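Working notes, structure below.
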There are 2 protein chains.
Amino acid sequence: MHQRPHLPGRPTPRQATDEKESALSSQRPTLADVAASAGVSVSTASLAFSGAGPIAAATRQRVLDAAQALGYAGPNPLGRQLRRGRSGIVGVIVGDALRRAFRDPVSIQVLDGITSTLGPMGLGVLLIAGPHDPTDPPVDPLVELAAMDVAVMMWGGTTDDPVLSALRRRGIPTVLVEGSRHPDISVIGIADRAGIADVTRQLLGLGHTRIATVTLPFTNDRSEGLVDAARLDALEWELTRRRLDGVFDAGVQPVAIWETPASLVEHGASAARALLAGPDRPTAVVCQSDLLAAGVVLGARELGLQVPQDVSVVGFDGLDLPWFKPDVLTSVAQPLAEKGRAVGREVARLLEGEPPQSLDLPVELVWGTTAGPAPTV
Amino acid sequence: MHQRPHLPGRPTPRQATDEKESALSSQRPTLADVAASAGVSVSTASLAFSGAGPIAAATRQRVLDAAQALGYAGPNPLGRQLRRGRSGIVGVIVGDALRRAFRDPVSIQVLDGITSTLGPMGLGVLLIAGPHDPTDPPVDPLVELAAMDVAVMMWGGTTDDPVLSALRRRGIPTVLVEGSRHPDISVIGIADRAGIADVTRQLLGLGHTRIATVTLPFTNDRSEGLVDAARLDALEWELTRRRLDGVFDAGVQPVAIWETPASLVEHGASAARALLAGPDRPTAVVCQSDLLAAGVVLGARELGLQVPQDVSVVGFDGLDLPWFKPDVLTSVAQPLAEKGRAVGREVARLLEGEPPQSLDLPVELVWGTTAGPAPTV
DNA sequence: CGTTCCAATCGAATCGATTCGACCACTCGC
DNA sequence: GCGAGTGGTCGAATCGATTCGATTGGAACG
């Protein structure tokens with residue numbers, strides 16, 4: 001693992017200290033080389049690049065020319081970072097393997113909002129996968145080892161999340177997206193519980209009495225199926241619980257609670273196949289995400305049911321799904337990009353040394369074509 | 001911008017050098033603090049953490065205990081990185097704003113392959129957006145400034161890409177995904193040209209004579225519509241050209257070439273509306289991606305056409321689109337995750353100091369339900 | 001009992017920058 | 001003509017680790 005031909009990294013430590021520096025200059029040039037070549041001190045050369053301090057235009061140009069001649073592409077970020085005590089990196093931990101996490105447009109849009117806010121601040125996003133494969137270590141080594149000034153956890157997770165405690169141990173300020181309220185941690189959330197309660201009440205107003213609900217995962221173990229009382233007790237994910245509570249808040253006792261292993265169309269479809277096949281099927285299904293809802297609609301159609309004539313379906317997120325056209329999901333829309341931007345702003349605040357501040361964004365009911373009056377039996 | 005209350009970063013530079021070190025230890029502890037507290041030298045303390053060298057178990061434990069007591073969470077990555085000359089970071093530049101780039105499952109799956117290969121090697125992925133908004137600077141500042149050991153460009157781009165030259169200037173080894181063959185740069189590609197030629201020949205064999213093709217973007221300017229000779233000359237993206245050449249290779253002169261601004265369902269749909277409305281419509285459409293193909297199918301259905309009875313549609317990528325069920329796109333499947341893994345392996349090679357090595361992965365024809373014999377007129 | 005050898009430990013150099021305070025000419029104003 | 005002020009430059013300390021070579025103590029060996 002050591003004796004490779006010629007690494008870009010550290011070469012042999014025996015540098016010709018008493019030789020002419022530029023003699024064996026196959027190494028990458030440093031600021032010191034540039035300074036020497038320009039005939040100025042290192043500090044002056046630094047000034048030429050950073051612009052932090054007074055410097056004569058001529059000197060500056062001389063340094064820049066020398067840099068050009070030596071093929072020096074600017075100060076080494078590693079040196080700068082060590083000195084500054086900042087890496088300029090924000091670790092973003094997504095709640096799953098990337099290919100699964102990002103099949104959900106929700107994460108993508110939030111991530112886009114985050115990067116577009118952080119970018120102009122000179123911060124980069126380090127992508128870290130969350131816990132997924134049970135054979136993996138519970139926390140990605142990057143969480144323990146990578147340099148980051150702030151961390152963002154893209155899924156609220158549970159309160160005693162090992163990732164969260166690792167970050168805490170390292171003293172890395174953290175922003176939770178849709179987590180549970182935590183005393184000294186920033187949580188950027190949405191009014192999902194109230195939003196779900198609202199849309200559920202609308203369904204009640206339309207005469208629905210047999211209402212089922214299709215939920216996001218309860219825990220990391222990714223199981224699928226009908227939820228009984230025991231399972232309900234085992235619910236760990238705060239997000240799932242909040243949205244479920246929204247249904248309860250409307251005074252509804254669902255005729256069925258179906259847990260899915262991920263927010264994906266196919267899992268909505270299988271939920272539909274299970275829930276809507278029997279004779280006493282529900283007349284409305286409240287889903288905790290739009291992808292699930294879309295899946296339920298597709299599944300219902302497979303069964304020969306019409307939406308919304310035979311069954312109403314509502315989702316959550318307010319996604320724009322081009323392949324769903326001309327139908328439009330009835331859904332509780334959350335401001336996805338704004339959520340990302342809010343995260344970005346909170347990251348900035350933390351970097352400034354401000355205390356954590358949580359925030360709840362509003363949601364908005366979007367009445368589409370997938371929900372309507374309960375069928376008259 | 002300077003006088004904030006208490007930053008996590010560098011505080012006041014006036015440290016009590018002649019004081020007791022642990023006196024005003026509100027600062028984060030360093031390895032030196034731990035060493036002092038454990039009564040060993042800094043080098044020994046380092047050994048206790050890195051395990052690189054012989055150390056007595058008892059000593060090691062003493063250091064670890066001291067660290068625990070001080071709340072020292074392990075060596076500061078910044079110091080380590082500077083010393084090692086490596087940041088452990090791989091910059092991945094996606095070809096667009098994240099929200100657009102990642103609406104395409106192709107990028108996501110490749111990215112997943114990359115991270116899952118890089119992760120076990122202790123490397124992290126720094127996400128960098130490619131050029132998208134024309135008002136933005138042509139290269140993201142991160143490309144110029146961020147610390148990275150290797151860069152991956154997720155879209156081949158053009159040969160004289162400004163991002164590529166910036167990386168070159170910085171001397172950062174680079175891996176191109178689906179780029180044009182470059183002498184001293186690693187390119188991980190697929191046999192897309194041959195694959196498209198193959199599927200096009202199949203269409204010929206099925207009696208199709210009027211074949212149109214729907215392409216990926218020609219340039220960064222994101223225009224949409226029929227391509228004339230002038231526009232064909234302006235084609236910059238190598239990827240688009242290769243797949244187009246595949247059609248030509250089969251001896252087909254397309255009755256229409258339609259350029260889309262991105263690989264998205266809706267752009268496929270508008271292509272269909274434009275291409276399939278007239279009386280002399282093509283009987284087959286070759287699309288450069290599956291999302292485009294799916295869009296074409298949906299668009300065709302909107303026009304009242306049946307697929308594949310009235311028009312055959314083939315795609316490229318071999319995606320699994322749950323919402324497209326029970327239909328299955330006829331497509332040229334590429335090994336997406338394997339592509340990502342190949343990128344990861346090549347990154348590893350470059351880090352070892354090996355010379356760049358390019359690679360072409362095979363594709364496989366998947367015959368689905370969206371292509372069939374040409375309609376008998 | 002004197003060597004030899006090895007494991008364990010330490011000191012010091014080093015990575016590549018930033019930044020503070022000192023210093024040196026100048027110019028300006030009186 | 002002299003002190004104050006200032007723009008420009010430099011030296012040196014510093015960030016937090018890693019690592020090489022030297023040193024030490026004790027066990028094994030002849």
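No hydrogens, no waters, no symmetry mates; every other heavy atom, side chains included, goes into these values. All values reported here derive from a predicted model rather than from experimental measurement. First the proteins, then the strands, lettered A, B, ... as listed; each starts at 1.
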For a quick test of reading the model: is some side-chain N or O of A:Tyr72 closer than 4.0 Å to OP1 or OP2 of C:dG16? no
Could you pull out the protein-nucleic contacts involving nucleotides 9-12 of chain D (nitrogen or oxygen on both sides, under 3.5 Å)?
residue: D:dT9; atom: OP1; partner: A:Thr59; partner atom: OG1; Å: 2.3
residue: D:dT9; atom: OP2; partner: A:Ala56; partner atom: N; Å: 3.0
residue: D:dT9; atom: OP2; partner: A:Thr59; partner atom: OG1; Å: 3.2
residue: D:dC10; atom: OP2; partner: A:Ser41; partner atom: N; Å: 2.9
residue: D:dC10; atom: OP2; partner: A:Ser41; partner atom: OG; Å: 3.4
residue: D:dC10; atom: OP2; partner: A:Thr44; partner atom: OG1; Å: 2.7
residue: D:dG11; atom: N7; partner: A:Ser43; partner atom: OG; Å: 3.1
residue: D:dG11; atom: O6; partner: A:Ser43; partner atom: OG; Å: 3.2

Could you state the CZ-C1' distance from A:Arg84 to D:dA13, rounded to the nearest angstrom? 17 Å
Starting at atom CZ of B:Arg28, determine the distance to atom C1' of D:dA17, rounded to an integer number of angstrom. 15 Å
For the pair B:Ser37 (side chain) and B:Asp33 (backbone), establish whether a donor and an acceptor sit closer than 3.5 Å, ignoring hydrogens and angles. no
Distance in angstrom units between B:Asn76 CG and C:dG16 P, rounded: 17 Å
Over how many whole Å does the gap from A:Arg170 atom CZ to D:dG16 atom P extend? 14 Å
Rounded to whole Å, the CZ-P distance (B:Phe49 to D:dG16) equals 15 Å
Please check if the number of heavy atoms outside A:Gln68 that lie under 6.0 Å from its CD is greater than 12. no
Residues 164-175 of chain B vs salt bridge (charged side-chain N to carboxylate O under 4.0 Å, His left out), sequence neighbours excluded, gives B:Glu144-B:Arg169, B:Arg168-B:Asp184
Distance from B:Gln81 atom CD to B:Asp149 atom CG, nearest 0.5 Å? 8.0 Å
Take the protein atom CZ of B:Arg86 and the nucleotide atom C1' of C:dG16, then report the distance between them rounded to whole Å. 16 Å
A:Ala38 backbone acceptor or donor facing A:Arg62 side chain under 3.5 Å: yes
Think B:Arg80 has a side-chain N or O under 4.0 angstrom from the OP1 or OP2 of D:dT18? yes
So, B:Ser46 and B:Ser43: side-chain donor and acceptor under 3.5 Å apart, yes or no? no
Phosphate oxygens OP1/OP2 of C:dC15: is one of them under 4.0 Å from a side-chain N or O of A:Arg83? no
Whole-Å gap separating C1' (D:dT18) and CG (A:Leu82): 12 Å
Across the strands shown, which category fits A:Thr30 at heavy-atom distances under 4.0 angstrom: base, sugar-phosphate, nothing? sugar-phosphate
Have B:Glu346 and B:Ser186 got a donor and an acceptor in their side chains that come within less than 3.5 Å? yes
